[in-house]
Amino acid sequence: ILIIMVKHLIQLKEESIVREKELSMANKIQDSIRNDSIILLSGDLSVIMANNNTEELTGVSAEGITGRHVSHIIMDFLILESEIKEMEKEGYGSFSCHLKYLNRKGETTVMDARVSQIQDDLNSDLQYLVLAHEIKDRKALTNAFNITQRELEVIQQIISGKTNKEIAFFLGVKERT
């Protein structure tokens, strides 16, 4: 009986250590996304949920955006939609991109976003989780080198490895431009 009790105590201690590690990891994850915008989208890109940081960036309350199409807060939602279709077609689970969030004043904030495909446990519907944080270095770059937002968009597309044709499509201009 003593051996069984000791084994049980050892098992409880091991479970406790595992729980502590899991809690520590959860805290690290929470700290890393504390300032991020978090948006959960349905398969048709309607907002299911948005956190307080998203509210602060856009000036739209979570209640005001819930159930509405993501185009109400993400200016370049067509890029998001296109990348999601590509992700589904190619079978990968996530991708990174830059997205422009809109605020009530019509101003944009460029965000570095990670979009992940997730499955709802309840009804197996496909959903998308968008984790994004503001790119603050862009403002410093534009100020330091007197670069316009449009020039910065072109630079970002070049850095991303896009072709001239893809950049032209993205910007809504002819390739020659």
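Computed from a predicted model, the values in this text were never measured in an experiment.
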Asker: Leu171, Ile158: one ILVMFWY side-chain cluster at the under-4.5 Å cut-off?
Answerer: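 Shared cluster, yes.
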Asker: Hydrophobic clustering (ILVMFWY, side-chain heavy atoms < 4.5 Å, transitive) - are Val70 and Met87 grouped together?
Answerer: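 Yes: a chain of side-chain contacts under 4.5 Å links Met87 to Val70.
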Asker: Measuring only between side-chain heavy atoms, which start at C-beta, is Thr109 closer than 4.5 Å to Met111?
Answerer: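 Yes; the side chains approach each other to less than 4.5 Å.
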Asker: Are Val130 and Leu41 packed together at the side-chain level, in the sense that at least one heavy-atom pair is separated by less than 4.5 angstrom?
Answerer: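 With C-beta onward as the side chain, the pair touches.
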Asker: How long is the gap from CG on Leu129 to CG on Leu131, to the nearest 0.5 Å?
Answerer: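 One finds 4.5 Å between CG of Leu129 and CG of Leu131.
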Asker: So, using salt bridge (charged side-chain N to carboxylate O under 4.0 Å, His left out) as the criterion, who are the partners of Arg150 when residues are at least two apart?
Answerer: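 Here the qualifying residues are Glu153.
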Asker: Run the side chain to side chain donor-acceptor pair (under 3.5 Å) test against Thr66 and tell me which residues pass, sequence neighbours left out.
Answerer: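 Result, side chain to side chain donor-acceptor pair (under 3.5 Å) vs Thr66: none returned.
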Asker: Do Ile79 and Ile167 belong together in a cluster built from hydrophobic side chains that touch within less than 4.5 Å?
Answerer: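 Cluster IDs for Ile79 and Ile167 match.
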Asker: So, do Asp112 and His98 sit near enough that their side-chain heavy atoms are less than 4.5 Å apart?
Answerer: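 Of all side-chain heavy-atom pairs linking His98 with Asp112, at least one is under 4.5 Å.
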Asker: Between SG of Cys97 and CD1 of Ile84, what distance do you get to the nearest 0.5 Å?
Answerer: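 Output value for this atom pair is 8.5 Å.
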Asker: How long is the straight-line distance from OH of Tyr101 back to OG1 of Thr58, given to the nearest 0.5 Å?
Answerer: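 Answer for the OG1-OH pair, Thr58 versus Tyr101, is 9.0 Å.
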Asker: Ser96: what forms a side chain to side chain donor-acceptor pair (under 3.5 Å) with it, not counting sequence neighbours?
Answerer: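 Side chain to side chain donor-acceptor pair (under 3.5 Å) check on Ser96 returns Arg114.
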Asker: Does the Thr54 side chain pair with the main chain of Ala50, one donor and one acceptor, at a distance under 3.5 Å?
Answerer: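 Checking the backbone N and O of Ala50 against the side chain of Thr54, no donor-acceptor pair under 3.5 Å is found.
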Asker: Which distance, rounded to the nearest 0.5 Å, do you find between the OG of Ser71 and the CG of Leu45?
Answerer: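 Between Ser71 OG and Leu45 CG, I get 9.0 Å after rounding to 0.5 Å.
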Asker: What's the spacing between Asn52 CG and Ser61 OG if we round to 0.5 Å?
Answerer: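 If we round to the nearest 0.5 Å, Asn52:CG and Ser61:OG are 10.5 Å apart.
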Asker: Does some side-chain heavy atom of Tyr92 sit less than 4.5 Å from a side-chain heavy atom of Glu86?
Answerer: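 Of all side-chain heavy-atom pairs linking Tyr92 with Glu86, at least one is under 4.5 Å.
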Asker: Taking atom CZ as the centre, does Phe169 end up with more than 12 heavy-atom neighbours from other residues, nucleotides or ligands that are less than 6.0 angstrom away?
Answerer: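 No, the 6.0 Å shell around CZ holds no more than 12 heavy atoms from other groups.
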Asker: Do the non-hydrogen side-chain atoms of Ile39 and Val47 ever get within less than 4.5 Å of each other?
Answerer: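 Side chain of Ile39 against side chain of Val47, heavy atoms only: contact under 4.5 Å found.
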Asker: Answer with yes or no whether the hydrophobic clustering places Phe95 together with Ile74; edges join I, L, V, M, F, W, Y residues whose side-chain heavy atoms lie under 4.5 Å apart.
Answerer: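 Yes.
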Asker: Identify the two heavy atoms, one from His69 and one from Asp44, that lie closest to each other, and give their separation to 0.1 Å.
Answerer: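 It is CD2-O, 3.6 Å.
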Asker: Nearest 0.5 Å, what's the CD1-CD1 distance between Ile48 and Ile65?
Answerer: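 If we round to the nearest 0.5 Å, Ile48:CD1 and Ile65:CD1 are 12.5 Å apart.
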Asker: Side-chain contact, heavy-atom cut-off 4.5 Å: Phe170 with Lys162?
Answerer: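 No. Closest side-chain heavy atoms not under 4.5 Å.
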Asker: With the side chain counted from C-beta on, respond yes when Leu80 and Leu99 share a heavy-atom pair under 4.5 Å apart, and no when they do not.
Answerer: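 Side-chain contact under 4.5 Å: yes.
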Asker: If we only count heavy atoms from C-beta on, is the Glu55 to Asn51 side-chain gap below 4.5 Å?
Answerer: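 No. Closest side-chain heavy atoms not under 4.5 Å.
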